[in-house]
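Residue numbering restarts at 1 for every chain, and letters A, B, ... go by the order of the sequence lines.
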Number of protein chains: 2
Amino acid sequence: MGVTPDTIILGDCIESLRKLPDRSVDLVFADPPYNLQLGGDLLRPDNSKVDAVDDEWDQFESFEAYDKFTRAWLAECRRVLKDDGAIWVIGSYHNIFRVGTALQDAGFWVLNDIIWRKSNPMPNFKGTRFTNAHETLIWASKSRGARRYTFNYDAMKMANDELQMRSDWTLPLCTGEERLKDETGAKAHPTQKPEALLHRVILASTKPGDIILDPFFGTGTTGAAARRLGRRYIGLERDPGYAKLAKERIAKVVPISPEDLDVMGSKRAEPRVPFGQIVEAGLLRPGDTLYCPKGERAARVRADGSLVIGEMAGSIHKVGAMVQSAPACNGWTYWHFKSDKGLAPIDVLRAKVRSQMAA
Amino acid sequence: MGVTPDTIILGDCIESLRKLPDRSVDLVFADPPYNLQLGGDLLRPDNSKVDAVDDEWDQFESFEAYDKFTRAWLAECRRVLKDDGAIWVIGSYHNIFRVGTALQDAGFWVLNDIIWRKSNPMPNFKGTRFTNAHETLIWASKSRGARRYTFNYDAMKMANDELQMRSDWTLPLCTGEERLKDETGAKAHPTQKPEALLHRVILASTKPGDIILDPFFGTGTTGAAARRLGRRYIGLERDPGYAKLAKERIAKVVPISPEDLDVMGSKRAEPRVPFGQIVEAGLLRPGDTLYCPKGERAARVRADGSLVIGEMAGSIHKVGAMVQSAPACNGWTYWHFKSDKGLAPIDVLRAKVRSQMAA
DNA sequence: TCTTCCTCTGAATCTTGGC
DNA sequence: GGCCAAGATTCAGAGGAAG
């Protein structure tokens with residue numbers, strides 16, 4: 001009946017979708033072709049050439065053709081989705097309006113549109129438009145009536161240092177170590193998404209063990225994030241080369257332990273600056289240990305940026321206060337991590353993230 | 001024939017649009033109904049009110065009706081727009097996908113989607129979704145071929161601390177003093193936009209004196225910003241109460257003086273000075289030597305303003321490109337002459353000629 | 001080892017005027 | 001319309017070389 005999770009299915013996405021059973025997945029994450037319509041080459045002011053996305057899979061004859069394709073895969077995704085499931089689709093102004101309209105027409109119910117603000121976007125080299133510094137994600141439930149979609153409100157609030165998570169997320173592009181390379185050292189895939197983005201999507205809208213379907217799997221960012229966070233995945237990909245890279249990549253991921261996945265389930269109150277983002281950015285990992293200034297007390301980091309010591313759990317500030325029996329505590333200066341130079345306050349990690357966001 | 005600018009036309013927006021002449025406005029700014037589906041107003045093209053909807057069949061009906069209405073006013077706006085004109089539309093996830101699709105289908109060409117990040121959004125009180133902290137604007141030219149839309153790149157860059165203006169704009173909501181109140185002290189209009197938002201839109205995409213059409217004028221934020229910035233407006237509004245408030249509001253606006261409106265101009269707009277004119281003016285002499293930025297390459301100036309290096313000869317741009325084996329080169333910034341302060345780009349000589357011409 | 005400088009690159013619908 | 005030539009145009013971050 002069902003499909004074995006944690007697999008990559010090779011082949012055309014719509015054909016593969018047709019073989020999946022009704023109401024069998026908890027979440028769909030889709031990064032479809034954007035249908036960019038580029039002119040000729042684009043040169044930077046230093047005369048170097050921009051490595052454009054001109055792959056065959058992004059070419060469509062017309063908006064009609066793109067719509068037809070979009071509506072076909074969306075209809076199948078909706079069929080495959082459980083009634084309390086949800087979908088995420090990411091896109092740019094080239095395609096996102098058409099995707100959003102198709103979603104609504106298919107009966108999905110939009111819950112939010114989310115802006116991925118890029119801290120380091122490519123500039124507009126010719127000075128002709130505003131720097132295209134964001135992409136848009138649409139989050140939608142299967143239907144208007146479906147009230148029981150998963151939303152881990154408190155985990156998101158915790159990850160945003162006790163302020164409600166907003167609809168705009170500031171995150172850097174996928175570059176450096178994280179970016180998969182081919183044998184020649186060139187980027188393996190032209191549009192690899194940062195795992196931090198998928199981390200937040202998955203933490204917000206799934207439960208541990210949930211099955212996440214990605215119909216445009218590429219090099220498997222969704223699979224990597226799913227495995228790391230104790231979720232399962234089904235990836236559809238038509239390019240065997242990408243599928244192979246994805247498989248190898250996911251195999252290397254170390255899932256975080258179940259107790260670290262146990263995110264906050266109740267409310268608290270205190271102020272400013274997202275510790276959860278330190279975890280998303282990979283500067284600390286769920287399961288890492290933090291220490292008080294003298295090192296005699298240790299707390300464990302969880303996936304949503306909450307800390308645990310014994311029975312105590314909460315934000316960095318709250319837990320810091322509790323272990324000292326103090327009315328309040330600045331967690332940023334109280335908690336330390338082990339660096340190669342000994343214990344260092346986590347505030348230095350915040351500074352790192354801030355410098356990324358300042359852009 | 002034409003329409004007197006700086007007026008508010010009372011009546012149905014589509015009917016009023018039909019009376020405006022072809023190609024008569026430079027910019028359209030539209031803040032249409034968002035189709036929130038909260039039991040609020042949704043208008044059919046004939047202006048009859050759609051009943052509140054709460055089942056799936058009616059939902060489909062309402063999207064269709066919304067699309068029909070949207071496509072009707074967009075088609076009229078496009079007709080009324082000059083060929084080098086542009087349009088802005090603002091919306092939220094409830095309607096923006098449908099508006100964007102309709103824009104593309106009508107032949108408009110999307111230039112950017114802009115995110116208005118609200119610094120002080122209303123929280124999500126029930127904790128069921130992400131805080132809806134932004135709205136989306138779409139900026140589009142009249143057609144794909146239209147390259148000559150107005151974009152004051154340098155003014156925008158200046159306004160952003162000498163960095164390219166990005167596609168995400170952080171601005172507060174319209175509150176406090178700025179928010180228009182009715183006799184009872186309640187807000188006069190439910191969706192009044194901040195004038196700062198219109199300020200940026202108008203400064204970015206119009207020239208002084210341009211005519212800006214707003215088909216959903218409301219309490220006249222577009223008119224107020226247009227007047228303040230030395231632009232003209234045409235407002236369409238069917239509610240006489242709003243129109244009256246708008247008129248009073250705009251009358252109080254003190255326009256910025258013309259010299260203060262003189263924003264950073266584009267270099268492209270400056271008068272052309274052929275390099276030969278530098279020689280004619282005696283600022284360089286035939287036989288003089290020009291150097292590349294680091295001084296290791298030298299070229300000789302000839303009487304007609306061409307350069308020579310060995311076998312190579314041609315314009316300052318051509319020779320600059322050739323010596324670097326680059327596809328292109330701006331000779332004005334590449335070539336330097338020996339001044340009493342060391343090497344200086346020949347662009348300073350061009351500036352000298354330009355200032356003489358202006359005098 | 002620690003700075004400083006240089007190079008490279010990222011989903012990009014990326015020029016304009018005259019002949 | 002097409003073609004050609006003038007000439008305008010980039011930000012953040014990673015990584016490696018140079019000092």
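Using modelled atom types and a 3.5 Å distance limit, the side chains of B:Trp88 and B:Ser205 yield a donor-acceptor pair. Side-chain atoms of A:Asp168 and A:His134 include no donor-acceptor pair closer than 3.5 Å. No donor-acceptor contact under 3.5 angstrom links the side chains of B:Ser141 and B:Arg148, judged on distance only.
Between A:Arg179 and D:dG13, a side-chain N or O to OP1/OP2 separation shorter than 4.0 Å is absent. A sub-4.0 Å separation between OP1 or OP2 of D:dG13 and a side-chain N or O of A:Asn120 is absent.
Every residue two or more places apart in sequence or in another chain that forms a ring pair (Phe, Tyr, Trp, His ring centres under 6.0 Å) with A:Phe216 is listed here: A:Trp73.
Mapping heavy-atom proximity under 4.0 Å, the span of DNA chain C touched by chain A runs 5' to 3' from C:dT9 to C:dT15.
Counting to the nearest Å, the P atom of D:dT10 and the CE atom of B:Met156 are 15 Å from each other. Across the protein-nucleic acid pair, B:Glu162 atom CD and D:dA12 atom P stand 13 Å apart, rounded to whole Å. Rounded to a whole Å, the OH atom of B:Tyr334 is 18 Å from the C1' atom of D:dT9. To the nearest angstrom, P of D:dT9 lies 12 Å from CZ of B:Phe151. The nearest whole Å value for the distance from the CG atom in B:Leu163 to the C1' atom in D:dT10 is 10 Å. Rounded to whole angstrom, the span from the CZ atom of A:Phe125 across to the P atom of D:dA12 amounts to 12 Å. The interatomic distance linking B:Asn330 (CG) with D:dT10 (C1') rounds to 15 Å, in whole Å.
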What are the atom names and distances for every N/O pair under 3.5 Å that joins the protein to nucleotides 4-6 of chain D?
unit_1	atom_1	unit_2	atom_2	d
D:dA6	OP2	B:Ser315	OG	3.3

Extract from the structure each pairing of a protein N or O with an N or O of nucleotides 16-19 of chain D at less than 3.5 Å, listing the distance.
none

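The list of side-chain hydrogen bond (donor to acceptor under 3.5 Å, both in side chains) pairs with a residue in residues 314-330 of chain B, not counting sequence neighbours, is empty.
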Query - Pairing annotation in dot-bracket form, given for DNA chain D with Watson-Crick or G-U pairs under 3.5 Å and | for cross-strand partners - result: .|||||....|||||||||

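Taking the nucleotide of DNA chain C with the nearest heavy atom to each of A:Tyr34 and A:Thr128, the more 5' of the two is matched to A:Tyr34. Taking for each of A:Lys126 and A:Glu177 the nucleotide of DNA chain D with the nearest heavy atom, the 5'-most of the two is the partner of A:Lys126.
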Requested in this report: Could you check A:Thr221 against A:Arg249 for side chain to side chain donor-acceptor pair (under 3.5 Å), going step by step and ending with a plain yes or no?
Outcome: CA-CA 9 Å; A:Thr221 306; A:Arg249 170 190 186 184; 3.1 Å; yes

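Using a 4.0 Å heavy-atom criterion, one finds that A:Asp51 contacts the sugar-phosphate atoms exclusively.
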